[in-house]
Amino acid sequence: READFHWDPREAGARYIVKPSDHAIDEATMDTFLGWVAAQRGSALPQFALVNLGDVDRAGHADESGAAFPLDPDDDSPLSAGDVSAFRQAAIENTDLQIGRLIDELKETGGWDETVLVLLSDHGMDWGPQHQFAQIEASLTNAGYRQGASPGSADYQLVGGGGSELVYVHHHSDIAPMARIVSEAPGVEFVATPESVPGMDNPTLKEMGIEHPRSPQIEAFMKPGWHSSPGAGSSNPLPGNHGHSVTQHLALFV
């Protein structure tokens with residue numbers, strides 16, 4: 001069913017940022033949401049609300065200073081104290097403030113004990129130099145494979161995903177040899193395929209949790225700091241990327 005209330009962020013006026021992201025800052029979003037909740041008092045309160053506080057995500061995508069990753073391979077945390085720039089730290093603290101406003105409002109109005117609050121993130125964030133592209137297309141081309149959408153005139157098609165790259169292989173017999181080439185391409189950390197390729201010991205799509213009728217026959221995951229190759233449609237990457245194995249670190253609080 002339709003939601004009872006939609007908000008157009010352009011109504012935030014001076015707090016609406018047109019370029020580059022077309023969004024209202026989190027404070028304006030929370031102001032509007034709390035105002036709407038207050039207007040429901042005396043009637044049926046909302047049973048479900050989705051509030052998108054996106055400044056942490058936007059800060060990560062806009063910050064070209066990046067983030068340092070642990071040098072110790074045994075340290076599995078993607079970020080540690082001091083790794084986040086002042087710009088991104090300010091976004092994190094402001095989002096925390098906005099969530100606190102919501103909790104305070106619920107407690108003051110007696111709704112907290114009957115509320116389930118779920119806080120989750122979109123994705124983890126990886127950063128890398130803007131020129132550091134994986135060489136998947138070049139490696140496949142050097143091996144004699146052709147890129148294109150038509151199985152009649154090409155062997156595969158690439159789709160970029162920032163920190164991962166999807167290789168749709170047109171002919172089943174090419175999956176294993178192409179997977180070996182892709183796994184050795186500069187910038188590639190590992191690949192996943194429908195079935196493990198003999199001699200590679202690579203994970204399957206099912207083991208990665210990404211098995212689907214529309215999944216590629218080869219999915220390449222980049223090393224931290226690397227981007228999809230330009231031929232996959234990623235010639236203008238953002239400073240922060242999705243899709244790396246390190247970005248599996250997500251926030252989820254209930």
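Computed from a predicted structure; not experimentally measured.
- Exactly one of Ile99, Leu102, Asn94 qualifies for a side-chain contact (heavy atoms from CB on, under 4.5 Å) with Leu53. That residue is Ile99.
- When only modelled atom types and interatomic distance are considered, Asp26 and Thr95 share a side-chain donor-acceptor pair under 3.5 Å.
- Closest non-hydrogen pair, Val197 versus Ala176, comes out as CG1-CB, 4.0 Å.
- Counting heavy atoms of neighbouring residues, nucleotides and ligands inside a 6.0 Å radius, atom CG of Asp22 exceeds 12 of them.
- The minimum heavy-atom distance linking Leu166 with Pro216 is given by the pair CG-CG, 3.6 Å.
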Quiz prompt | Criterion side-chain contact (heavy atoms from CB on, under 4.5 Å) on Ile218 and Met178, from CA distance to verdict | solution = CA-CA 8 Å; Ile218 303 170; Met178 288 178 65; 3.8 Å; yes
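- Hydrophobic clustering, with ILVMFWY side chains joined whenever heavy atoms are under 4.5 angstrom apart, keeps Phe221 apart from Phe133.
- Between Glu165 and Gly160, the shortest heavy-atom contact is CG-CA, 4.5 Å.
- Remark: Arg180 CZ to Glu184 CD distance equals 10.5 Å, nearest 0.5 Å.
- A donor atom on one side chain and an acceptor atom on the other are not found under 3.5 Å apart for His170 and Asp174.
- For the pair Arg101/Leu34, a side-chain contact is recorded, criterion being any heavy-atom separation below 4.5 Å from C-beta on.
- Considering all non-hydrogen atoms of both residues, Asp55 and Ala91 come closest at O-CB, 3.9 Å.
- For the 3.5 Å distance criterion, the side chains of Gln147 and Gln157 fail to qualify, holding no donor opposite an acceptor.
- Residues His23 and Asn52 bring no donor and acceptor atom of their side chains to less than 3.5 Å of each other.
- Side-chain contact between Ser139 and Ile181: present, with at least one pair of heavy atoms (C-beta onward) separated by less than 4.5 Å.
- Counting heavy-atom neighbours within 6.0 Å of Asn142 CG, excluding the residue itself, gives a total above 12.
- Linking Ile, Leu, Val, Met, Phe, Trp and Tyr residues whenever their side-chain heavy atoms come within less than 4.5 Å leaves Met208 and Met200 in two separate clusters.
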Practice problem: Decide yes or no on salt bridge (Lys or Arg N to Asp or Glu O under 4.0 Å) for Asp104 and Lys107, but give the supporting numbers first. | Solution: CA-CA 5 Å; Asp104 289 345; Lys107 289 182 177 180; 5.7 Å; no
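- Under a hydrophobic clustering in which Ile, Leu, Val, Met, Phe, Trp and Tyr are joined whenever their side-chain heavy atoms come within less than 4.5 Å, directly or via other members, Phe33 and Ile25 fall into different clusters.
- Atom-to-atom distance recorded for His61:NE2 and Arg88:CZ is 9.5 Å, nearest 0.5 angstrom.
- Counting heavy atoms from C-beta on, the side chains of Ile103 and Leu117 come closer than 4.5 Å.
- Under the 4.5 Å side-chain heavy-atom criterion for Ile, Leu, Val, Met, Phe, Trp and Tyr, Val51 and Val37 are members of the same hydrophobic cluster.
- Annotation: Arg146, atom CZ; neighbour count of heavy atoms from other residues, nucleotides and ligands within 6.0 Å is above 12.
- Remark: Arg15 pairs with Glu27, Asp31 by the salt bridge (Lys or Arg N to Asp or Glu O under 4.0 Å) rule, at least two apart or across chains.
- Between Leu205 and His212, the closest side-chain pair of non-hydrogen atoms is not below 4.5 Å.
- By the 4.5 Å heavy-atom criterion applied to side chains, Thr32 and Phe5 are counted as neighbours.
- Both Leu106 and Met30 are part of a single hydrophobic cluster, where members link through side-chain heavy atoms under 4.5 Å apart.
- Within the 4.5 Å cutoff, the side chain of Leu120 has no heavy atoms near those of the Val254 side chain.
- When side chains are defined from C-beta on, Phe190 does not count as touching Val188, because their heavy atoms never get closer than 4.5 Å.
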Quiz item: Given the rule in the side-chain contact (heavy atoms from CB on, under 4.5 Å) test, do Met222 and Ile136 qualify, once you have shown the distances and angles that lead to the verdict?
Solution: CA-CA 10 Å; Met222 308 307 156; Ile136 292 175; 3.8 Å; yes
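- Put simply, NZ on Lys206 and CD on Glu195 are 11.5 Å apart, with the number rounded to the nearest 0.5 Å.
- Between the side chain of Gln217 and the backbone N or O of Ile175 there is no donor-acceptor pair closer than 3.5 Å.
- Closest of all the heavy-atom pairs between Glu219 and Ser164 is OE2-OG, 3.4 Å.
- Other residues, nucleotides and ligands place more than 12 heavy atoms under 6.0 Å from the CD atom of Glu207.
- For Glu105, the salt bridge (Lys or Arg N to Asp or Glu O under 4.0 Å) partners two or more places apart in sequence, or in a different chain, are Arg41.
- In summary, the side chains of Thr193 and Asn202 do present a donor paired with an acceptor at a separation below 3.5 Å, with no hydrogens or angles considered.
- A 4.5 Å side-chain heavy-atom check between Tyr156 and Leu140 finds at least one atom pair inside the cut-off.
- The minimum heavy-atom distance linking Pro151 with His171 is given by the pair O-NE2, 3.4 Å.
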